[in-house]
Asks: 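Dropping a structure here in structure tokens format, bear with me for questions.
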Amino acid sequence: MSRSYLFFDIECANCFDGNGKMCSFGYVITDDQFNILDSQDVVMNPEAEFDWYLFSKKNECALAYSKDYFRMQHNFEAYHTGIKKLMEAPERKILGFSVSNDIGFLLYATERYDLTPINYSAFDMETIINQAKNEKKGLKAWCEYYKIDLSKLTAHNSRDDAMMTMLLAKAFCEEQNTDIESLLQKNKGIRISVEKYIQQREERRYIKEISEKIKDLFGKKTRALLSHKLGGKNYAIGFKLSDDIDEAYRIANLVYKHDGMLLRNIKSNGILIVRENISDEKRQELAKRNISTITIDEFDQKVRLE
């Protein structure tokens with residue numbers, strides 16, 4: 001069987017609670033010369049409330065169909081088998097733009113209706129082009145950059161957005177003097193599998209859970225102190241929580257238990273806990289606000305119980 005390339009896009013009625021409720025699945029299938037073999041916009045009933053903003057006059061890119069038209073369609077369950085076959089076809093490569101979002105939407109739909117997961121991986125044209133050009137742009141902006149004719153395409157029509165992605169990939173390949181297969185081979189590290197997405201989703205959930213626990217300690221004192229070694233002074237964590245959430249939580253608890261006051265950030269008069277010594281320039285800048293720094297190792301020595 002010859003290779004084929006499926007470009008896809010998904011629209012959702014809403015993404016409340018971080019979960020997109022699909023209302024359309026658009027795709028374009030091509031060969032390695034970008035000849036279109038098939039394309040369709042699979043419109044479905046999201047069985048969910050539409051975000052008011054999607055049909056607001058303030059929204060420059062409203063959904064392609066009316067609420068009534070979406071409501072008239074079958075739900076995702078009716079299209080699951082067909083979409084699964086499309087995505088899992090042998091010798092097929094999947095591409096999207098900002099594709100991690102679409103992987104999440106499709107995964108949630110299978111979970112929501114208790115259906116068999118769809119096993120595939122997808123390349124993200126957004127990441128490929130942004131990295132190559134060292135610049136960040138949206139789908140429409142990149143299409144305009146490459147002077148792609150969008151006059152017959154409608155934004156937020158899933159099939160047309162998938163078509164934009166395909167035309168963008170074609171223009172980029174022409175610019176780079178390469179073919180689509182070589183481009184994907186060169187960027188295989190950018191491919192995201194459903195399995196990898198699930199792992200990343202669990203990591204994000206864990207970081208969010210522990211971050212909330214840290215935030216619960218902001219500005220609080222405990223009556224069950226282990227010591228008074230921090231003397232009631234203000235402390236803040238001087239690195240991004242998501243960089244090492246477990247270490248951040250450990251430090252936060254030590255501040256709390258040793259008579260420190262943990263703050264989200266310090267504007268003046270406090271101590272910043274950093275991973276390693278900072279530059280003299282940065283230290284002098286902080287000193288103007290009466291903020292000093294302490295490394296994690298130094299902090300651990302300070303609160304160590306004999």
Side-chain angles (χ1 to χ4, degrees), residues 1-12 20 22 24-42 79 82-107 109 117-133 135-146 148-150 153-198 200:
M1 182 175 291
S2 59
R3 290 172 177 165
S4 60
Y5 303 84
L6 184 147
F7 301 81
F8 80 111
D9 178 77
I10 290 171
E11 294 296 331
C12 294
M22 285 176 58
S24 66
F25 174 93
Y27 69 90
V28 176
I29 300 174
T30 76
D31 60 16
D32 59 3
Q33 299 299 309
F34 294 101
N35 296 307
I36 297 175
L37 308 177
D38 186 21
S39 69
Q40 188 178 351
D41 195 19
V42 182
Y79 303 107
I83 293 174
K84 185 174 171 63
K85 287 181 179 179
L86 282 172
M87 305 295 275
E88 295 182 348
E91 295 297 318
R92 175 158 293 163
K93 301 289 177 64
I94 313 293
L95 301 93
F97 192 93
S98 191
V99 77
S100 180
N101 292 329
D102 294 314
I103 290 174
F105 299 151
L106 194 50
L107 174 63
I118 300 174
N119 184 24
Y120 67 99
S121 60
F123 293 85
D124 187 8
M125 283 305 304
E126 179 183 38
T127 304
I128 290 173
I129 295 181
N130 285 354
Q131 288 186 358
K133 309 295 284 187
E135 188 175 355
K136 292 184 179 181
K137 293 181 186 290
L139 176 56
K140 186 178 179 181
W142 275 125
C143 287
E144 291 172 348
Y145 174 88
Y146 283 101
I148 296 169
D149 182 9
L150 304 178
L153 301 177
T154 303
H156 286 312
N157 174 304
S158 290
R159 181 259 184 194
D160 285 3
D161 280 351
M163 186 70 73
M164 288 184 201
T165 304
M166 184 275 287
L167 293 172
L168 178 59
K170 181 180 179 181
F172 184 71
C173 283
E174 290 173 353
E175 179 195 62
Q176 300 293 314
N177 193 28
T178 189
D179 58 82
I180 184 66
E181 187 62 29
S182 298
L183 177 69
L184 298 187
Q185 283 295 322
K186 180 181 177 181
N187 291 279
K188 57 186 177 181
I190 291 174
R191 185 170 53 186
I192 304 172
S193 67
V194 174
E195 181 180 3
K196 183 178 180 180
Y197 177 87
I198 292 173
Q200 291 174 341

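All residue numbers refer to positions in the sequence shown, counting from 1.
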Asks: With sequence neighbours left out, write down each residue that passes ring pair (Phe, Tyr, Trp, His ring centres under 6.0 Å) with Phe97, or none if nothing qualifies.
Replies: none

Asks: Is there a donor-acceptor contact under 3.5 Å from the side chain of Glu91 to the main chain of Ser2?
Replies: no

Asks: If you define the side chain from C-beta out and look only at heavy atoms, does anything of Leu106 sit under 4.5 Å from Ile83?
Replies: yes

Asks: Report the distance from atom CD1 of Ile36 to atom CD1 of Ile29, rounding to the nearest 0.5 Å.
Replies: 11.0 Å

Asks: With a 4.5 Å cut-off on side-chain heavy atoms, are Met87 and Phe25 touching?
Replies: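 A side-chain contact exists here, since the closest heavy-atom pair is under 4.5 Å.
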
Asks: Contact between Phe105 and Glu11 at the side-chain level, heavy atoms closer than 4.5 Å - yes or no?
Replies: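 Phe105 does not reach Glu11 side chain to side chain.
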
Asks: Tell me if the CG atom of Asn35 is crowded by more than 12 foreign heavy atoms within 6.0 Å.
Replies: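 Counting neighbours around CG of Asn35, more than 12 heavy atoms of other residues, nucleotides or ligands fall under 6.0 Å, so yes.
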
Asks: At their closest point, which heavy atom of Lys196 faces which heavy atom of Arg191, and how far apart are they?
Replies: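 Heavy atoms only, the tightest pair is NZ-O, 4.2 Å.
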
Asks: Yes or no on side-chain contact (heavy atoms from CB on, under 4.5 Å) for Leu107 and Ile198, after CA distance, side-chain angles and deciding distance?
Replies: CA-CA 9 Å; Leu107 174 63; Ile198 292 173; 3.5 Å; yes

Asks: Have a look at Leu95 and tell me which of Asp124, Leu6, Ile180, Thr30 forms a side chain to side chain contact (heavy atoms under 4.5 Å, CB included) with it.
Replies: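 Only one of Asp124, Leu6, Ile180, Thr30 forms a side chain to side chain contact (heavy atoms under 4.5 Å, CB included) with Leu95, namely Ile180.
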
Asks: Between Tyr197 and Ser100, which heavy-atom pair has the shortest distance, and what is it?
Replies: CE1-O, 3.4 Å

Asks: Looking at CZ of Arg3 and CZ of Arg92, how far apart are the two atoms once the value is rounded to the nearest 0.5 Å?
Replies: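 If we round to the nearest 0.5 Å, Arg3:CZ and Arg92:CZ are 13.5 Å apart.
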
Asks: If you define the side chain from C-beta out and look only at heavy atoms, does anything of Ile118 sit under 4.5 Å from Val194?
Replies: no

Asks: Heavy-atom distance under 4.5 Å between the side chains of Ile148 and Met164, does that happen here?
Replies: no

Asks: Holding to ring pair (Phe, Tyr, Trp, His ring centres under 6.0 Å), I want the full list of residues that pass it with Tyr146, two or more places apart in sequence or in another chain.
Replies: none

Asks: Is the number of heavy atoms from other residues, nucleotides or ligands under 6.0 Å of Glu195 CD greater than 12?
Replies: no

Asks: Can you name the closest pair of heavy atoms from Ile192 and Ile103 and give their distance?
Replies: O-CD1, 3.7 Å

Asks: Answer yes or no: is there a side-chain heavy-atom contact under 4.5 Å between Trp142 and Met125?
Replies: no

Asks: For Met166 and Tyr27: C-alpha separation, side-chain torsions, deciding distance, then whether side-chain contact (heavy atoms from CB on, under 4.5 Å) applies.
Replies: CA-CA 10 Å; Met166 184 275 287; Tyr27 69 90; over 6 Å; no

Asks: Which atom pair, heavy atoms only, marks the closest approach of Asn119 to Lys84?
Replies: N-NZ, 4.5 Å

Asks: In Å, rounded to the nearest 0.5 Å, how long is the span from NZ of Lys136 to OG1 of Thr127?
Replies: 9.5 Å

Asks: Who are the side chain to side chain donor-acceptor pair (under 3.5 Å) partners of Ser158, not counting sequence neighbours?
Replies: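 So Ser158 forms a side chain to side chain donor-acceptor pair (under 3.5 Å) with Ser24.
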
Asks: Please report the shortest heavy-atom distance between Pro117 and Glu88, naming the atom on each side.
Replies: O-OE2, 4.1 Å

Asks: I'd like to check Leu183 versus Gln176 (side-chain heavy atoms, cut-off strictly below 4.5 Å). Are they in contact?
Replies: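 Side chain of Leu183 against side chain of Gln176, heavy atoms only: no contact under 4.5 Å found.
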
Asks: Are more than 12 heavy atoms from other residues, nucleotides or ligands located less than 6.0 Å from atom NZ of Lys133?
Replies: yes

Asks: Taking atom NZ of Lys186 as the centre, does the number of heavy atoms from other residues, nucleotides or ligands within less than 6.0 Å exceed 12?
Replies: no

Asks: Please find the pair of heavy atoms, one from Ser121 and one from Ser193, that lie closest to each other, and give the distance.
Replies: CB-CA, 3.6 Å

Asks: Can you tell me how far the CG atom of Asn157 sits from the CG atom of Asp9, to the nearest 0.5 Å?
Replies: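 Separation between the atoms: 9.0 Å.
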
Asks: Regarding Glu144 and Lys137, does a basic nitrogen lie under 4.0 Å from an acidic carboxylate oxygen?
Replies: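 Salt bridge between Glu144 and Lys137, a charged N being under 4.0 Å from a carboxylate O: no.
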
Asks: Taking atom CG of Leu184 and atom SG of Cys173, what is their separation to the nearest 0.5 Å?
Replies: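 Nearest 0.5 Å value for the CG-SG distance: 7.5 Å.
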
Asks: From Phe7 CZ over to Phe34 CZ, what is the distance, rounded to the nearest 0.5 angstrom?
Replies: 5.0 Å

Asks: Tell me, do Ile94 and Val99 make a side-chain contact under 4.5 Å, heavy atoms counted?
Replies: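 No, their side chains stay 4.5 Å or more apart.
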
